[in-house]
Amino acid sequence: MARTEPDSCPGVLRLHEAADGPLARVRVPGGALAPEQLQALAAAAGELGDGNIELTSRGNVQLRRVRDADALAERLAGAGLLPSRTHERVRNIIASPLSGRVGDHPDIRPLVAAFDAGLLGSSRLAELSGRVLFTLDDGRGDVSPLRPDIGLHLLTDNRCALLLAGADSGIRIATADATEVLLAAAHGFLELAAGQWRLHEIEDGAARLATLLGLGPGPERLALADSADLPIGWLPQHDGLVALGAGVRLGSLPARTAEFLAAVERPVLLTPWRGLIVTDLEEWPAEQVVRVLAPMGLIFDAASPWLRITACAGQPGCARSHTDVRADAAAAIESGRTDLPDAAVPEAPIPAASITTAGRQHWSGCERRCGRPAAAVTEVTAGPEGYLVRPPRT
């Protein structure tokens, strides 16, 4: 069914008027930030926004309460974060964050760069919805479960599975042809769409797109389980250096902390789990990074309860929210309420003070449940009379 409302997904050049002020979303293909780019974001957040960088579930960033949209666009363009004024909202590309550094999987990074260049090089693809999601998984299975509209999952160095509408299409292609096929699929989506924002919204969209591409599925299908453990803590790289995976409390990174990260002068990767990875460190500097940034709130402990909880913006950022969701979630985590038995999951609203933080949860301020992860999570949803707690959907 075609949508009647326009795609209002924000970017840098078209801000969203949130309840607390204008919001900008900056696309970061593959989550890769050079130190100077992170410094530019930190400065913009501190001088033009509310002092925080929000990490999104697509490995992008948001700045809230933007006071000068033109100045923000100028700064980000100067930092290489706005390479196209026409395509800035369509560069939603998630890639395996550790690819080429940790693990025995092929390096997906060259494909990320080639595909992004192909997107930018096609004037037609600027017409894509700002919600269309592309994923490139190096075979470890970390980002393929994020339900992309169009995705690539490496099976070997030379062979890939094509994902369509969040599932394995059964189509297998040569890695050498991957960029061409992904771009053709993006064009095909535009041919099929009649106002729909996502491929799964088009009736038989995946099958029709495969036909349009002239590619037939084989008998194999990948089982896309929930994403693997989050990349947190000390991560030895192939080259003898170290990457440090860090969680960010409820996805909100203070600009001051981001400045310290940028000062490390190493590439930073944003993850679709609202965390980040500082890469290419020698051991002694890595130890110093942990000593400095852990007290500033970054999480290097994989057992931290903060890593199990995500939340939407809530009040005051969202007019639809019934409450300050992040404050409620933070209070639940800090109180140590972690022993919710299955029988205690209610069907009637309960106050925030009665909610525990057992297992993976997503807290939402209303029934829209924005920012909900693709993985199975307990849903904690605010209403006029309190929160509803729903068990994971199977």
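Quick note: residue numbers are just sequence positions, from 1.
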Worksheet, complete the sentence: Nearest heavy-atom contact between T135 and L163 is OG1-CD1, 4.5 Å
Worksheet item: Heavy atoms, side chains only, cut-off 4.5 Å: are R390 and T378 in contact?
Response: no
Discussion item. I'd like to check P35 versus L38 (side-chain heavy atoms, cut-off strictly below 4.5 Å). Are they in contact?
Written reply: no
Worksheet item: Is any side-chain heavy atom of V26 less than 4.5 Å from a side-chain heavy atom of L76?
Response: yes
Practice prompt. Using atom types as modelled and distance alone, determine if a side-chain donor or acceptor of S144 lies under 3.5 Å from a backbone N or O of H153.
Written response: no
Discussion item. Do L269 and V278 make a side-chain contact, defined as non-hydrogen atoms from C-beta onward lying under 4.5 Å apart?
Written reply: no
Worksheet item: Should the heavy atoms of other residues, nucleotides or ligands under 6.0 Å from CZ of R320 be counted, would the total exceed 12?
Response: no
Worksheet entry | Side chain R89, main chain C9, donor-acceptor under 3.5 Å | yes
Practice prompt. Check L192 against G205 and note the closest heavy-atom contact, atom names and distance.
Written response: CD1-O, 4.0 Å
Worksheet item: Hey, quick one: are L253 and L72 part of the same hydrophobic cluster, counting side-chain heavy atoms closer than 4.5 Å, chains of contacts allowed?
Response: yes
Worksheet item: If you look at every heavy atom in L136 and V143, which pair is closest and at what distance?
Response: O-CG2, 3.6 Å
Worksheet item: Looking at F300 versus W234, is the centre-to-centre ring distance below 6.0 Å?
Response: no
Fill in: CG on L119 to CZ on F134, rounded to 0.5 Å
5.0 Å
Worksheet entry | Worked check of side chain to side chain contact (heavy atoms under 4.5 Å, CB included) between V181 and L215 | CA-CA 10 Å; V181 171; L215 298 172; 4.2 Å; yes
Worksheet item: Taking D20 for the side chain and P316 for the main chain, is one N or O donor matched with an acceptor at less than 3.5 Å?
Response: no
Worksheet item: What distance separates L63 CG from N52 CG, expressed to the nearest 0.5 Å?
Response: 9.5 Å
Worksheet entry | Note: D168-R221 ion pair, threshold 4.0 Å (strictly below) | no
Worksheet entry | Worked verdict on I232 versus L307 for side chain to side chain contact (heavy atoms under 4.5 Å, CB included) | CA-CA 9 Å; I232 295 294; L307 301 179; 3.8 Å; yes
Practice prompt. Quick one: closest heavy-atom pair of A24 and L15, and the distance?
Written response: CB-CD2, 3.5 Å
Worksheet entry | Flag, side chain of H105 to backbone of S99, donor-acceptor distance under 3.5 Å | no
Worksheet item: Going hydrophobic residue to hydrophobic residue with side-chain gaps under 4.5 angstrom, can you get from L183 over to L120?
Response: no
Worksheet item: Distance-only, no hydrogens or angles: does the H87 side chain make a donor-acceptor pair with backbone N or O of S122 under 3.5 Å?
Response: yes
Item to complete: Heavy atoms only: give me the nearest A42-A255 pair and the separation to one decimal.
Response: O-CB, 3.5 Å
Item to complete: Working to the nearest 0.5 Å, report the span between CG of N158 and CD1 of I173.
Response: 12.0 Å
Worksheet entry | Among D107, D138, D280, D239, salt bridge (Lys or Arg N to Asp or Glu O under 4.0 Å) partner for R101 | D280
Practice prompt. Classify the side-chain pair T175/D157 by whether it contains a donor and acceptor separated by less than 3.5 Å.
Written response: no
Practice prompt. List the atom of V325, the atom of S364, and the distance in Å for their closest heavy-atom pair.
Written response: CG2-C, 3.7 Å
Worksheet item: Can you check whether T310 reaches R372 side chain to side chain, under 4.5 Å on heavy atoms?
Response: no
Practice prompt. Calculate, to the nearest 0.5 Å, the distance between atoms CG and CD belonging to L41 and E259 respectively.
Written response: 11.5 Å
Worksheet item: Checking D324 side chain against A327 main chain: does a donor-acceptor pair fall under 3.5 Å?
Response: yes
Worksheet item: So with a 6.0 Å cut-off around CD of E367, is the heavy-atom count from everything else above 12?
Response: yes
Discussion item. Would you say that more than 12 heavy atoms from the other residues, nucleotides or ligands in this model lie under 6.0 Å from the CD of E282, or not?
Written reply: no
Discussion item. Under the criterion side chain to side chain contact (heavy atoms under 4.5 Å, CB included), I'd like the reasoning laid out for L13 against L82: C-alpha separation, chi angles, the key distance, then a yes or no.
Written reply: CA-CA 9 Å; L13 303 176; L82 188 60; 4.0 Å; yes
Worksheet entry | Minimum side-chain heavy-atom gap P392-V377 below 4.5 Å | no
Item to complete: Identify whether the distance between the nearest side-chain nitrogen and carboxylate oxygen of E88 and R27 falls below 4.0 Å.
Response: no
Practice prompt. Would you check if T279 and Q237 make a side-chain contact, meaning some heavy-atom pair closer than 4.5 Å?
Written response: yes
Worksheet item: Going from CG on L182 to CG on D177, what distance comes out if it is rounded to the nearest 0.5 angstrom?
Response: 10.5 Å
Worksheet item: Just one of R326, R25, R274 clears the salt bridge (Lys or Arg N to Asp or Glu O under 4.0 Å) bar with E54, so which one?
Response: R326
Worksheet item: Does any N or O in the side chain of E47 come within less than 3.5 Å of the main-chain N or O of A44, such that one atom is a donor and the other an acceptor?
Response: no
Discussion item. Tell me whether W306 shares a hydrophobic cluster with L244, the cluster being built from Ile, Leu, Val, Met, Phe, Trp, Tyr side chains joined at under 4.5 Å.
Written reply: no
Worksheet item: Okay, side chain of S252, backbone of V248: is any donor-acceptor separation there less than 3.5 Å?
Response: no
Practice prompt. Would you confirm whether S169, through its side chain, and I171, through its main-chain N or O, come within 3.5 Å as a donor-acceptor pair?
Written response: yes
Worksheet item: Does the side chain of E201 come under 3.5 Å of the side chain of Q196 through a donor N or O and an acceptor N or O?
Response: no
Worksheet item: Counting only N and O atoms by type, is there a donor-acceptor contact under 3.5 Å from the side chain of D149 to the main-chain atoms of L133?
Response: yes
Discussion item. With side chain to side chain contact (heavy atoms under 4.5 Å, CB included) as the criterion, how do Q361 and R308 come out once you've worked through the C-alpha distance, each side chain's angles and the decisive distance to 0.1 Å?
Written reply: CA-CA 6 Å; Q361 296 180 356; R308 301 196 300 265; over 6 Å; no
Worksheet entry | Linked, directly or transitively: V242 and L235 (ILVMFWY side chains, under 4.5 Å) | no
Worksheet item: Does E287 CD have over 12 foreign heavy atoms under 6.0 Å away?
Response: yes
Discussion item. With a sphere of 6.0 Å drawn around CZ of R85, does it hold more than 12 non-hydrogen atoms of other residues, nucleotides or ligands?
Written reply: no
Worksheet entry | In one Ile/Leu/Val/Met/Phe/Trp/Tyr side-chain cluster, 4.5 Å: V289, I299 | no
Practice prompt. With rounding to the nearest 0.5 Å, note down the distance linking CZ in R208 to CG in L213.
Written response: 13.0 Å
Worksheet item: So do W273 and P373 actually touch side chain to side chain, heavy atoms under 4.5 Å?
Response: no
